[in-house]
Amino acid sequence: MMLSVRDLRVSFRTDDGLVRAIDGVSFDLAEGEILGVVGESGSGKTVSLLAVMGLITDPNAKIEGSIRYKGRELVGLPARELRRLRGNEIAMIFQDPMTALTPVYTIGWQIAEQIQAHRKIGKAKALERVEELLAEVNFPNPREAMSRYPHQLSGGMRQRAVIAMALSCDPALLVADEPTTALDVTVQAGILDLVRKLRSTHNSAVVFITHDMGVVSELADRVMVMYAGRVVERGSRVELFSDPRHPYTRALLGSIPPLTGEKPRRLPAIPGSPPSLLRLPQGCAFGPRCPVRYEPCQADKPSLGSGTHAAACFRVAQA
Ligand SMILES: Nc1ncnc2c1ncn2[C@@H]1O[C@H](COP(=O)(O)OP(=O)(O)O)[C@@H](O)[C@H]1O
Ligand SMILES: [Mg+2]
């Protein structure tokens, strides 16, 4: 297994108390596989993957559990080692491409810099490589794009440039955190194509974070549904969409936005809101919003179990 995460826990000390952001998350990722991580805002998608990337810098954070990448334990690895891994093997792209781009340099120059930071090659060779990469992410005129500044590109173009930058290190693992959320549907479809192409040409493994079940259904091989810092259901894409088990997954599926045409301004909401991570209910965290809750749900937290398709729900266990 390329990536094995076991019982990951991340908590933050705050003035209001301890925030248990990630409460025992486990998952595996194989080479060339696309894992969709889905859940409402605040469910712990970003924090769990930032932990994998070694990018949680908050001094009040505590990270426990095990994150093994190609057999090597990452929890507790010195920052310098993690940085080397991020530049060479693991790349991350975010919702806002400007977090990775510098406004004052041209696209070509900054991607070339990134390449030179990790490979011992001259500027001319690096710039040649940038042109190839921009062609690979479907810039119609890569040479011209290289001379542009980020603000001279559209949001979709900027995100493509960031993907080109991420590809420059030929990553074995790409973590994409809602990279299409700010883009319109057509541009989003292009980015999803790109991720699929990346998997087929580079055999990269991809973790794709989204709150959008529609995106998951387009892209993921396997899916992990998160709620209040835990995994509530996991399975293959087919299992999850043909036989959703957890009431939360079912609720999310009731709110799939259309993949074509106009995006609705707001998703049809699941009644209620996620619990405060400072005061989680004793039993199932989804219980207060769950249409099928019954007594056992208030006493204990349901566990996920070990199957490839599994749901953390007493109703499911009973069925
Ligand atoms: N540095 C921090 N200090 C305190 N709480 C945090 C910190 N970072 C994240 N959190 C909390 O962790 C929870 C999970 O956040 P996040 O992973 O960003 O959710 P998602 O990506 O699913 O929207 C949220 O409740 C968030 O407020
Ligand atoms: Mg997030």
Side-chain angles (χ1 to χ4, degrees), residues 3 5 7-27 29 35-65 67 75 79 91-100 159 162 166 174-183 188 191 195 206-216 219-220 223-234 240 246 248-249 251-253 255 257 266-267 269-270 272-281 284-286 288-289 301 304 312:
L3 179 68
V5 174
D7 203 21
L8 180 65
R9 287 165 202 277
V10 181
S11 57
F12 299 98
R13 263 186 295 121
T14 72
D15 292 343
D16 301 319
L18 193 67
V19 174
R20 292 180 204 279
I22 306 298
D23 188 22
V25 162
S26 300
F27 64 91
L29 185 67
L35 173 69
V37 180
V38 66
E40 285 167 295
S41 174
S43 54
K45 306 181 297 296
T46 296
V47 168
S48 47
L49 273 307
L50 285 179
V52 168
M53 304 284 296
L55 284 173
I56 295 182
T57 49
D58 188 330
N60 294 311
K62 186 171 164 197
I63 303 172
E64 297 162 284
I67 301 168
V75 174
M92 189 152 185
I93 55 178
F94 296 93
Q95 181 174 332
D96 178 4
M98 287 312 288
T99 54
Q159 198 58 289
V162 170
L174 175 72
V175 176
D177 190 353
E178 313 227 20
T180 62
T181 300
L183 306 175
Q188 165 175 301
I191 301 281
V195 172
V206 180
V207 178
F208 199 99
I209 300 175
T210 175
H211 60 267
D212 185 338
M213 276 291 197
V215 168
V216 173
L219 195 66
V223 187
M224 174 164 110
V225 183
M226 293 192 66
Y227 190 79
R230 293 182 152 219
V231 179
V232 295
E233 183 162 358
R234 67 152 173 262
L240 209 101
H246 199 284
Y248 181 61
T249 310
L252 285 176
L253 286 172
S255 56
R266 291 189 54 194
L267 298 179
I270 303 170
S273 50
S276 159
L277 298 176
L278 289 163
R279 282 169 294 278
L280 282 174
C284 175
F286 188 60
R289 301 169 79 185
K301 289 196 192 308
L304 187 62

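The chain is numbered in sequence order, starting from 1. Counting starts at 1 for both ligands and their atoms, following the listed order.
At under 3.5 Å, not a single nitrogen or oxygen of Phe12, backbone or side chain, sits near a nitrogen or oxygen of ligand 1. Residue Gly44 has at least one N or O atom closer than 3.5 Å to an N or O atom of ligand 1. Residue Val47 places at least one N or O, backbone or side chain, under 3.5 Å from an N or O of ligand 1. For the pair Thr14 and ligand 1, the shortest N or O to N or O distance does not fall below 3.5 Å. Taking any N or O of Ser48, backbone or side chain, none lies under 3.5 Å from an N or O belonging to ligand 1.
Phe27 is listed as a side-chain neighbour of Val25, based on a closest heavy-atom distance under 4.5 Å. Contact annotation: the side chain of Val207 never approaches that of Met224 to less than 4.5 Å [non-hydrogen atoms, C-beta and beyond]. Counting only heavy atoms from C-beta outward, the side chains of Asp177 and Ile93 never approach each other to under 4.5 Å. Counting heavy atoms from C-beta outward, Ile56 and Phe12 have side chains that approach closer than 4.5 Å.
In terms of protein heavy-atom proximity, atom 23 (O) of ligand 1 is closest to Gly42 N, 2.7 Å. Leu277 CD1, 3.5 Å is the protein heavy atom nearest to atom 13 (C) of ligand 1. Among protein heavy atoms, atom 12 (O) of ligand 1 sits closest to Ala21 CB, 3.3 Å. Scanning all protein heavy atoms for the shortest distance to atom 18 (O) of ligand 1 gives Thr46 CB, 3.7 Å. Nearest non-hydrogen protein atom to atom 1 (N) of ligand 1 is Asp58 OD2, 2.8 Å.
Remark: the backbone N or O of Glu40 is paired with a side-chain donor or acceptor of Lys45 at under 3.5 angstrom. Remark: side-chain polar atoms of Gln188 are not paired, donor with acceptor, to backbone N or O of Ala182 under 3.5 angstrom. Side chain of Ser26 to backbone of Asp7: a donor-acceptor contact under 3.5 angstrom is found. No donor-acceptor distance shorter than 3.5 angstrom exists from the side chain of Glu233 to the backbone of Leu240, with no hydrogens or angles considered. A donor-acceptor pair is defined here as one N or O able to donate and one able to accept, closer than 3.5 Å; such a pair exists between the side chain of Arg289 and the backbone of Ile270.
Close approach to Ser41 involves these atoms of ligand 1, each under 4.0 Å from a residue heavy atom: 23 (O). Each of the following atoms of ligand 1 lies closer than 4.0 Å to a heavy atom of Ser43: 19 (O), 20 (P), 22 (O).
Not one N, O or S atom of Ser41 sits under 2.8 Å from the Mg ion (ligand 2).
Residue contact check for ligand 1: Glu40 places a non-hydrogen atom closer than 4.0 Å to it.
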Could you walk me through whether Thr180 and Gln159 pass the side-chain contact (heavy atoms from CB on, under 4.5 Å) test, one step at a time?
CA-CA 8 Å; Thr180 62; Gln159 198 58 289; over 6 Å; no
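Under the 4.0 angstrom criterion, atom 26 (C) of ligand 1 counts as lacking any protein heavy-atom contact.
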